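The structure under discussion appears below in the form of structure tokens.
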Amino acid sequence: MKILLVGSEATPFSKTGGLADVLGSLPKELNRLDMDARVVLPKHMWTKEKFNDKLVPVCNFRVSVGPKEEYAGIETTELDGVTFYFVDNEYYFGYRNTLYGHYDDGERFGYYCNAVLMMLEEIGFYPDIIHTHDWQTGLIPYLYQKKYSSKTKYKGIKTVHTIHNIAYQGRFSKDLMPYLDVEYSSDLEFDNLINFLKTALVTADYITTVSETYATEILHDFFGYGMQNVLRERQDSLGGIVNGIDYDVFNPKTDKKIAYNYSLYNYLKGKAENKKALREYHELEENNRPILGVVSRLTDQKGFDLLSEVIEGLVSKGDIQLVLLGSGDPDIERFYNELHSKYPKNVGVYIGYNDEMARKIYAGSDIFLMPSRFEPCGLAQLISLKYGTVPVVRKTGGLRDTIEIYNKYSDEGTGFGFENYDAADMLYAINNALEVYGDPKSWKALVKRGMQQDFSWEESAKKYIELYKKLRG
Ligand code: GLC
């Protein structure tokens, strides 16, 4: 079966978030399971800078964008058995130093959606399924329906759209309409704006999201970001499939970026060495207290309002040390920079994204914090488990589905959690974790259970294949 995965970022070619990890690893597993899965992405500036010499030109054509005709070059490369295509347009993607957030995002991604569908004929690849991801590709199911579904060669393609984060929808003024090169219908519109995500939600044959819990949460007002009613109408065609992670990439036994490699058998030594290295890097004092790690985009979604309420209380008493990496909201950045200035021996802060530093935090921390307001799936908690770092999470979305809460009576579970979005509840969960940390025997068993969890892609990829097959009938 032929699958075309369409998105706007995939590791190692481009990345702002977890979507990139998914598109960089799911197709590999689909192909291992005998699919012909290929991926298409925009050729972003970063891709051009790092991979230009690997990309081979395939063809080029012109795409109508309202009054203009824009160039589309298709280039390709193969990585780990997966064919990647890139849509090259210097003006839209080639020199923008961020992936999103430009005044013409609607035009850029409208162009991209049109170019992807035109590409199929140009390269002679007609997939059984077009599987689109997030708002940037949300017009594709609609464009397919309106412009391609009756063309002989394109007939019978089924569309699946995956929501990685419903808060980002691609909303644009209706002035964009003439640039989309398709007839208008109310499918394109929500709240008097063009809404790319909504368009996909009403036109894709099937909708998925990245955990089972999130698939039910988004039917409710708190999580739906306005889409709850649209989704309720489509409940029969909505499901959750949890993400996996790529253990070739995230494995403390082989990870070249951490100070000391370890596995289940020598994790105590591994943790101690990596903790020491992390402390040295951040110039934190040596003591016998646990390190709490955070690796996150610094946004509201990730629960920083809760954490900021209690964290000073914890570090000022010297009960814990904190190491945080991330970037985003300037207020949150400032808060943690100031916390570091106040407690330089107990707080390490790295503002920015840095893969190597992130891995050093996964490996060197004892506890990993993820108090998200909402979390479609979350990958950091899965990486933490593998690195023997015990997650403390809010029980929402994928966090609920992947972390089993510790039970001291039965000695089961892999982490700590709290239900309500409330700072006191979070603190209670952190304190529970600290208490168990103080009992080395229980802690060791807890860590080991986490390291033994298997969140590789195989099971989830099989679920996608089942879905693709069902849709093809
Ligand atoms: C988004 C979500 C995150 C999810 C990722 C990959 O970044 O916020 O929860 O893990 O997409 O699906």
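Both counts, for ligands and for their atoms, begin at 1 and track the order of listing. Because the structure is a prediction, the values reported are computed rather than measured.
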Any chance NZ of Lys50 has more than 12 other-residue heavy atoms, nucleotides or ligands included, within less than 6.0 Å?
no
Residues in ring-ring contact (aromatic ring centres under 6.0 Å, His included) contact with Tyr112, at least two apart in sequence or another chain
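Not a single residue meets the ring-ring contact (aromatic ring centres under 6.0 Å, His included) criterion with Tyr112.
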Enumerate the protein residues lying less than 4.0 Å from ligand 1, judged by heavy-atom distances, in chain and residue-number order.
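Within the 4.0 Å shell of ligand 1, which is judged on heavy atoms, sit Gly18, Leu19, Val22, His164, Asn165, Val210, Asn243, Arg297, Gln301, Glu375, Pro376, Cys377, Gly378, Leu379.
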Students often mix this up, so state it plainly: with edges at 30° and 60°, are the rings of Tyr464 and Trp457 parallel, tilted or perpendicular?
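The rings of Tyr464 and Trp457 sit tilted, inter-plane angle from 30° to 60°.
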Rounding to 0.5 Å, atoms CG (Leu324) and CD1 (Ile361) come to a distance of 7.0 Å
For residues 239-248, dump all side-chain donor-acceptor pairs below 3.5 Å to protein atoms at least two apart in sequence or in another chain.
from: Asp246; atom 1: OD1; to: Asp248; atom 2: N; distance (Å): 2.9
from: Asp246; atom 1: OD2; to: Lys28; atom 2: NZ; distance (Å): 2.9
from: Tyr247; atom 1: OH; to: Phe455; atom 2: N; distance (Å): 2.9

side-chain hydrogen bond (donor to acceptor under 3.5 Å, both in side chains) with Asp191: which residues, sequence neighbours excluded?
none
